[in-house]
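Worksheet for the structure shown next.
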Amino acid sequence: MSTTPALELRAVRKSFGPVAALSHVDFAAYPGEVHAIVGDNGAGKSTMIKIVTGIHRGDGGAILVNGEEMELRHDASQSQDRGIAVVYQDLALVECLDISTNMALGNLPYRWGVFLDRKRMDAEAAAALKDLNARVGDVRTPVGLLSGGQRQVVAIARAVRMNKPIILLDEPTAALGVQESAYVGRTLDRLRADGKAVICISHDLEFVFKHSDRITVLRLGKTVGTRTTADVSRDEIISMITGATPADTLQEAS
Amino acid sequence: MTTTAPAERTVHPEKSEASRTPILRTILLRQETWLLAVVVLIAVVASIRNPNFMNPDNLVEILRGSVIYFIMGCGAALLVIGGGLDFSVGAIFTISALVGTSLISQGVPIILGILAALAVGALAGVVNHLIVTYWHVPPIIATLGTFFIALGLSALITGGNDVVPLPADFMKLGQGSVLFIPNVIWYGLIIGALFYFVLERTRFGINVRAVGGNRQAAVGNGLRVVRIDLVLYILAGVTAAIAGMIYSARVGAGQVEAGGSSVTLVVVTGVLIGGVSLLGGLGSITGVAVGAVLLSVIDNALIVAQIPPQYNNVVVGAILVGAVAVDHLRRKQLYKPR
Ligand SMILES: Nc1ncnc2c1ncn2[C@@H]1O[C@H](COP(=O)(O)OP(=O)(O)O)[C@@H](O)[C@H]1O
Ligand SMILES: [Mg+2]
């Protein structure tokens with residue numbers, strides 16, 4: 001493991017009016033690891049991701065990408081520029097646009113400055129999906145006509161295609177069957193092999209234990225602790241999630 | 001991969017599902033199909049009442065009459081596809097035409113007068129955008145407000161008098177023809193082609209669909225949605241100004257009574273019956289073109305075939321309701337949770 005985290009959060013806080021979604025989140029993910037984030041519903045996992053990608057603006061704390069601080073106020077395109085790709089829990093697909101357009105959204109290929117390069121868009125989308133071994137049919141199918149699982153695969157393929165050093169996935173297997181989940185698992189393994197920092201939120205502890213290197217537990221907007229997957233038991237993680245195990249005092253990061 | 005034009009895919013998503021969706025249903029769900037059927041029906045009735053209706057001169061007149069609605073409809077449609085709405089276009093039409101023609105009648109070079117009118121339209125768009133974005137006023141209310149403000153200002157600037165006379169060179173722009181086709185129709189064709197191209201073949205056009213189709217997803221993908229909104233409101237304002245100047249050149253005056261609420265209503269109606277979804281994301285420029293022609297056919301049939309206006313109103317109302325119902329079907333297919 002290299003010494004500088006690819007993505008680090010230090011004491012990040014965020015309130016929505018009276019609701020303190022995050023009160024103190026410390027987190028560090030390194031290149032070449034799959035880092036799982038687990039926690040109960042409402043623990044703040046999605047909020048944490050959205051602060052990193054700029055959908056929400058953190059109230060305090062620091063976000064560091066490769067050791068360089070990123071302003072808390074930034075937008076999604078700036079987080080892309082800093083090398084972060086993301087699969088949101090709600091997938092962020094536009095239903096009325098087709099698969100290839102959705103996969104290129106925010107970064108549409110063009111020729112001569114203005115013309116949309118449809119051919120390239122279709123070819124890249126088809127290649128990315130084939131890479132994931134995904135069967136979603138014609139890339140010109142509007143996303144609104146796809147099943148939940150197919151949409152999830154499209155969203156994952158989009159993030160993988162962006163080929164960024166940091167990739168965040170929020171519940172990527174929620175709508176998937178056993179076989180499709182296995183694909184996603186293999187995709188994570190491959191991304192790790194490529195040296196990327198893979199951060200994956202999941203409810204599915206079996207999936208987490210099978211594919212992650214480390215696990216960070218969030219509870220009620222706070223980091224409870226980070227464990228090496230190989231050295232921790234399922235029960236320990238569950239007791240961290242439920243609060244039976246108290247939070248580690250002062251993380252190494254602070 | 002198939003050879004179907006990309007435009008067709010995004011606008012009529014059911015097409016790509018040809019294997020699952022019967023072709024007949026596909027055609028019936030296409031807005032243009034219905035509109036053309038109604039156009040033909042009215043044309044048949046009108047020509048029975050007055051054979052001159054099908055006279056080439058009259059057909060050209062119908063197209064000429066549709067241009068004003070169509071040009072404004074292009075800007076308005078893009079805005080609605082992007083998730084916005086502009087009720088002020090009728091008043092922007094009025095005020096920008098009055099500003100432009102006033103300057104021209106006072107000896108300002110024609111081109112500068114036209115640019116000034118466009119600037120007024122753009123400014124109105126910026127104001128609409130600011131109100132909607134930073135004051136969080138819903139577009140329908142915000143633009144209704146600017147509608148009244150612009151209309152009031154129009155009367156104040158001119159003291160309620162039409163701007164006449166206008167130089168012959170300016171009027172020629174609205175009255176001449178090239179290759180036997182009236183200039184006015186050329187303007188519609190050029191602007192329509194431009195908007196079609198922008199919507200279907202450029203990054204901006206796709207981003208507009210994305211913003212209107214799912215704003216949250218657009219933000220999540222790093223689209224600069226506020227900037228896109230701004231451009232859309234400006235385009236709606238500028239197309240209204242263009243239409244205002246074309247109309248003034250055609251009638252040879254800056255008219256205080258031209259534009260206003262009736263033009264707003266016709267433009268918004270034309271856009272909606274043209275198959276543009278009020279909820280954003282879906283719609284096409286070709287649909288808007290057919291919608292504008294339909295409204296012009298109705299106007300014309302009223303005069304040429306003396307079909308009484310109450311019938312036309314019933315027809316327009318029925319088509320509008322039908323269009324929104326069809327839109328609901330399209331959306332249900334695309335946006336149902338799975
Ligand atoms: N946009 C929002 N506005 C208000 N409250 C929010 C918003 N997003 C999340 N929350 C609240 O923040 C807390 C954490 O939510 P979230 O990050 O979605 O949890 P998780 O993804 O871990 O299930 C919850 O109490 C939730 O209700
Ligand atoms: Mg969540």
Side-chain angles (χ1 to χ4, degrees), chain A residues 50 53-55 74-81 84 86-111 113-119 121-123 125-126 137-151 155 158 162 175, chain B residues 1-21 81 83 197-227 277 279-283 327 330-338:
Chain A
K50 286 180 181 167
T53 62
I55 301 286
H74 63 275
D75 66 25
S77 70
Q78 286 164 313
S79 84
Q80 281 178 20
D81 295 344
I84 299 172
V86 58
V87 180
Y88 293 101
Q89 187 166 17
D90 66 10
L91 305 181
L93 298 170
V94 180
E95 290 83 347
C96 65
L97 295 176
D98 62 22
I99 293 174
S100 44
T101 309
N102 265 286
M103 290 191 54
L105 211 57
N107 191 18
L108 298 167
Y110 61 91
R111 279 176 300 179
V114 281
F115 290 91
L116 198 67
D117 194 343
R118 274 242 51 136
K119 274 209 188 100
M121 225 161 79
D122 289 346
D138 188 344
V139 290
R140 295 261 182 115
T141 311
V143 161
L145 298 177
L146 301 179
S147 72
Q150 288 174 316
R151 289 182 198 199
R158 172 170 69 190
M162 289 169 79
Chain B
M1 258 145 278
T2 63
T3 50
T4 316
E8 302 275 303
R9 293 298 189 145
T10 43
V11 180
H12 306 288
E14 57 279 359
K15 279 209 84 162
S16 56
E17 280 264 298
S19 52
R20 261 205 268 164
T21 314
I81 290 171
F197 172 77
V198 166
L199 181 59
E200 308 293 355
R201 300 293 152 92
T202 67
R203 293 218 270 191
F204 177 74
I206 301 291
N207 289 342
V208 166
R209 269 194 209 287
V211 171
N214 187 336
R215 196 175 174 90
Q216 235 186 319
V219 172
N221 285 292
L223 301 191
R224 303 211 152 86
V225 293
V226 172
R227 206 158 68 183
S277 173
L279 298 171
L282 303 172
D327 177 52
R330 285 188 299 168
R331 295 194 77 85
K332 211 169 79 180
Q333 213 182 9
L334 276 177
Y335 283 81
K336 74 175 162 213
R338 280 158 222 252

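Order of the sequence lines fixes the chain letters, A, B, ..., with proteins taken first and strands second; residue numbering starts at 1 for each chain.
Heavy-atom minimum distance, A:Ile55 versus B:Gly220: CD1-CA, 3.6 Å. Heavy atoms only, all atoms of each residue included: B:Gly213 and A:Glu95 are closest at O-OE1, 4.1 Å.
Heavy atoms closer than 4.5 Å to chain B are found in the side chain of A:Asp90, but not in its backbone. With a 4.5 Å cut-off on non-hydrogen atoms, A:Leu105 touches chain B through its backbone and its side chain both. Proximity to chain A (any heavy atom under 4.5 Å) is shown, for B:Arg215, by neither the backbone nor the side chain.
The choice from B:Gly212, B:Gly222, B:Ser277 that makes the most heavy-atom pairs within less than 4.5 Å of chain A is B:Gly222.
Going from atom SG of A:Cys96 over to atom CD1 of B:Ile81 covers 9.5 Å, rounded to the nearest 0.5 Å. Atom CZ in B:Arg203 sits 8.5 Å away from atom CG in A:Leu116 (nearest 0.5 Å). With rounding to the nearest 0.5 Å, the separation of CG in A:Leu108 from CG in B:Asn207 is 5.5 Å.
Other residues, nucleotides and ligands place more than 12 heavy atoms under 6.0 Å from the CZ atom of A:Arg111. Residue B:Phe204 places its CZ atom among more than 12 non-hydrogen atoms of other residues, nucleotides or ligands, all under 6.0 Å distant.
For the pair B:Asn214 (side chain) and A:Ala92 (backbone), a donor-acceptor distance under 3.5 Å is absent.
In this structure, the side chains of B:Asn221 and A:Arg158 come closer than 4.5 Å at one or more pairs of heavy atoms.
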| request: In sequence, state the C-alpha distance, the side-chain angles, and the governing distance for A:Phe115 and B:Phe197, and then conclude on ring pair (Phe, Tyr, Trp, His ring centres under 6.0 Å). | output: CA-CA 9 Å; A:Phe115 290 91; B:Phe197 172 77; 5.2 Å; yes
